[in-house]
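Notes to accompany the following structure.
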Amino acid sequence: MSVVTRFAPSPTGFVHVGSHRTALYNYLFARQQGGKFILRIEDTDRKRYVKGTVENLLFSLQRLGISYDAGPGKEDDKGPYFQSRRIDIYRKAVEQLLQQGHAYRCFCTAQRLEELRKSQTAQKLPPAYDGLCRELTLEESEQRAQNTPFVIRLKVPKEGTCAFHDLVRGNVQIAWSQIDDQVLMKSDGFPTYHLANVVDDHFMEVTHIIRGEEWLPSVPKHLHLYHCFGWDAPKMAHLPLLLNPDRSKLSKRQGDVAIEDYLKKGYVPEALNNFLALMGWNPGEKNEIYSMEELIAAFDINKIVKAGAVFDLQKLNWMNGQYIRNMDTARYLKEAKTWLHPERQRDSRIETALLALKTALNTFTEIPEKLGIFTGTPPEANEEAQNILNEASAQQVFSEFLREMDAMTELREADFKAIMKRVQERSGVKGKELWMPLRVALTGAMHGPELGYIAEYLGKAEAVRRITAHLKK
RNA sequence: GUCCCCUUCGUUCAGUGGUCAGGACUCAGGAUUUUCAUUCCUGCAACAGGGGUUCGAAUCCCCUAGGGGAUACCA
């Protein structure tokens, strides 16, 4: 049977990086196995629905290059892929459960449940439904349903343990006594996650459920549902969580958690994928830079790590820098320009400056700041730099350089080395003593990108002007 | 509280009974470079603790501690 995985987010906000990693793993596994990857929107909680998040989600997936074979906008005979449009399917399913005695209507009010929970907590008992409505006869239940609001609960076994195998965790056992009679259908007629998820995964023929670790404790409920329906359960893999530096669940309080935040900050989509893929799994080789194709080829679901991983910005930054440096020039220039002020974008020489910065960037956001050395007015040379300017050899370099300039119509980076070579020969000055005076004269600083780029960016006239300014009569 | 999961350098990932416990990021030092950055080299740095099992444990078992997750008519 061919593999089918799914990513099933709920549209309640931004796309969390952990959520994206889940999507990525599902995608990698499906692609590697030559299977199908589907996207399903779990919008069964009308209270939590946030407008625009579906669009946002689709956009994020697209930006990061994760394509799905079926899902919103790509319907097939297994759809629709919005749970809110599948309500009839869930109702039919839960009716079957009801008729077969696997589920029951519960008429308990929210108030009673609240009190129940309070008293249980006071007695240090685990809060759980006490089963008041569990033994109602179908007849009675149907009668009361006429004029009383109700939910439908799953009749969970009372004794024994639920043992199952997880692709990441191995064998796991949970006592049935720990499992509450889960609500399957809310009083508003919408299903809960547990019901909708199981029903959809079955009808969409999902073979592997790859999702976050927070779902591990509800596996018994799901397995019981499959059992009641008489369906085979998919294989499961519960992924370790992404963590804050203090090892709590990665949250907004301690930094950016939304994919779009990182996109906005100038991170390269490929780098984001590469980095996230390596949080919780690693091919175990020296190289850590992987294209999507390489990730697909190398991915091994059996080698997913069990422990949670701290989201390490330092490494992301490094990796992003790698992607920027390895980017082909055309794409680099195109992307880099989007980080410029509109007026700078019209600057005909800006590419020269951008090219010089390519090795100096970890993220594109650093561009405006690092561009300063090209576009800004040079700072007053500090004492150390001033000393360099005052050297007799510096003066010689200046005049020789100026003389070179006389012969040129324009100043090109490509010619710069040759020019300097001639200046060196004529002046007899070389090495640092040759270059530093020019650097200081041109930029006011002792450090910066390659001088040739700076010179070309400035242009002949401006370069000459700056050097002349430091020439002593 | 209860249940479940987890525990190798600061971070991340290798290592599934015999390894000098390895790689990557960070950091430090060095080389290259006109400087910075890049690149390259070197180095610092870990098996949570305690019991077993075994000739031999990071690797298997138990306990403890710590961390995380779940305990909703949210997902």
Any N or O donor-acceptor pair under 3.5 Å from the base of G23(B) to the side chain of E288(A)?
yes

Closest of A72(B), U35(B), A75(B) to the R117(A) side chain is A72(B)

To the nearest Å, give me how far apart CG (L195(A)) and C1' (C73(B)) are.
13 Å

Check every atom of C13(B), A70(B), U34(B) against the side chain of K249(A) and return the nucleotide holding the closest atom.
A70(B)

Would you indicate what L434(A) reaches in the nucleic acid, counting non-hydrogen atoms under 4.0 angstrom: base, sugar-phosphate, or nothing?
nothing

For Y453(A) and U35(B), give me the distance from atom OH to atom C1', rounded to whole Å.
16 Å

Got a donor-acceptor contact below 3.5 angstrom from the R86(A) side chain to the P80(A) backbone?
yes

Give a yes/no on whether any side-chain N or O of Q322(A) is located under 4.0 angstrom from OP1 or OP2 of U39(B).
yes

Using a heavy-atom cut-off of under 4.0 Å over every strand shown, decide if Q173(A) touches base, sugar-phosphate, or nothing.
sugar-phosphate

Now, which nucleotide makes the Watson-Crick or G-U wobble pair with U35(B), with each of the two distances under 3.5 Å?
none

So if I take every side-chain heavy atom of K286(A) and compare against C6(B), A70(B), G23(B), which nucleotide ends up nearest?
G23(B)

A65(B): pairing nucleotide in any strand, Watson-Crick or G-U under 3.5 angstrom:
U7(B)

Expressed as a whole number of angstroms, how long is the span from I179(A):CD1 to C4(B):P?
10 Å

Checking contacts here: which listed nucleotide (C6(B), G68(B), C74(B)) is nearest the side-chain heavy atoms of S248(A)?
G68(B)

Using the C1' atom on both, measure G43(B) against U33(B) and round to a whole Å.
23 Å

Of H447(A) and Q178(A), whose closest RNA chain B nucleotide lies nearer the 5' terminus?
Q178(A)

Does C74(B) have OP1 or OP2 under 4.0 Å away from a side-chain N or O of T12(A)?
no

Which nucleotide, if any, forms a Watson-Crick or G-U wobble pair with U42(B), using both distances under 3.5 Å?
A28(B)

Is W318(A) stacked on the base of C25(B) when the test is centres under 5.5 angstrom and planes under 30 degrees?
no

On a whole-Å scale, what distance lies between the C1' atoms belonging to C6(B) and A45(B)?
23 Å

How long is the line joining CD of E213(A) and C1' of G69(B), in whole Å?
6 Å

Nearest whole angstrom, please: distance from the C1' of C74(B) to the NE2 of H194(A).
9 Å

For L361(A) versus R325(A), what's the shortest heavy-atom pair and its separation?
O-NH2, 3.7 Å

State, to 0.1 Å, how close T5(A) and N26(A) come at their nearest heavy-atom pair, and which atoms those are.
OG1-O, 2.9 Å

Let me know the distance between CG of N287(A) and C1' of C40(B), rounded to the nearest Å.
16 Å

Using modelled atom types only, decide if a donor and an acceptor are shared between the side chain of H16(A) and the backbone of L250(A) within a distance under 3.5 Å.
yes

Using a heavy-atom cut-off of 4.0 Å across all strands, would you classify V151(A) as base, sugar-phosphate, or nothing?
base

Separation of atom CG in D246(A) from atom C1' in G66(B), rounded to whole Å
14 Å

Using the C1' atoms only, state how far G50(B) lies from G30(B), rounded to an integer number of Å.
44 Å

Return the nearest nucleotide to the side chain of K315(A); candidates are A24(B), A72(B), U34(B).
A24(B)

Donor-acceptor pair (no angle test) under 3.5 Å: S10(A) side chain, A75(B) base:
no

For the side chain of W435(A), counting heavy atoms from C-beta on, which of U38(B), G1(B), U34(B) is nearest?
U34(B)

Give none if U53(B) has no partner; otherwise give the nucleotide forming a Watson-Crick or G-U wobble pair with it, both distances under 3.5 Å.
none

P spacing across the pair A24(B) / U39(B), given as an integer number of angstrom
13 Å

Would you indicate which nucleotide in A75(B), C4(B), U39(B) comes nearest to any side-chain atom of E42(A)?
A75(B)

Distance check, C1' atoms only: A58(B) and U16(B), in whole angstrom units.
10 Å

Which nucleotide, C74(B), C6(B), C5(B), lies nearest any side-chain atom of K306(A)?
C6(B)

Base, sugar-phosphate, or nothing: which does K430(A) touch, judged by heavy atoms less than 4.0 Å apart?
nothing

Under a 3.5 Å cut-off for both distances, is U19(B) Watson-Crick or wobble paired, and to whom?
none

From CG of L116(A) over to P of A72(B), roughly how many Å is that when rounded to an integer?
10 Å

Report the relative orientation of the aromatic rings in Y25(A) and W281(A); use parallel for angles under 30°, tilted for 30 to 60°, perpendicular for over 60°.
perpendicular

Quantified in whole Å, what is the P atom distance between nucleotide U7(B) and nucleotide A48(B)?
9 Å

In whole angstrom, give me the gap between the P atoms of G10(B) and C44(B).
14 Å

Under 4.0 Å between any heavy atoms, over every strand shown, what does M279(A) touch: base, sugar-phosphate, or nothing? Just pick one.
sugar-phosphate

Any base atoms under 4.0 Å from C162(A), or only sugar-phosphate, or nothing? Heavy atoms, all strands.
nothing

Proximity to the side chain of Q314(A) - top-ranked nucleotide from C4(B), A75(B), C25(B):
C25(B)

Assign G280(A) to base, sugar-phosphate, or nothing according to its heavy-atom contacts below 4.0 angstrom with the strands shown.
sugar-phosphate

Determine whether a donor-acceptor pair (one donor, one acceptor, N or O, separation below 3.5 Å) exists between the side chain of R48(A) and the base of C74(B).
yes

Give me the distance, rounded to whole Å, that separates C9(B) from C4(B) when you measure between the C1' atoms they each carry.
29 Å

If you define the side chain from C-beta out and look only at heavy atoms, does anything of R112(A) sit under 4.5 Å from D130(A)?
yes

Identify whether any heavy atom of S218(A) sits under 4.0 Å from a base atom; if not, whether one sits that close to sugar-phosphate; answer base, sugar-phosphate or nothing.
nothing

Let me know, please, whether L278(A) or D45(A) comes out on the 5' side of the other along RNA chain B by nearest nucleotide.
L278(A)

Any strand: nucleotide that pairs with G1(B) via Watson-Crick or wobble, under 3.5 Å:
U71(B)

Closest to the side chain of R247(A), out of C73(B), A70(B), U11(B), is U11(B)

Would you compute the distance between atom CZ of R46(A) and atom NZ of K186(A) and round it to the nearest 0.5 angstrom?
8.0 Å

Does the distance from a Lys or Arg side-chain N to an Asp or Glu carboxylate O, for E288(A) and K315(A), drop under 4.0 Å?
yes

Residue among V219(A), L167(A), V168(A) satisfying side chain to side chain contact (heavy atoms under 4.5 Å, CB included) with H238(A)
V219(A)

Does the distance from a Lys or Arg side-chain N to an Asp or Glu carboxylate O, for R91(A) and E95(A), drop under 4.0 Å?
no

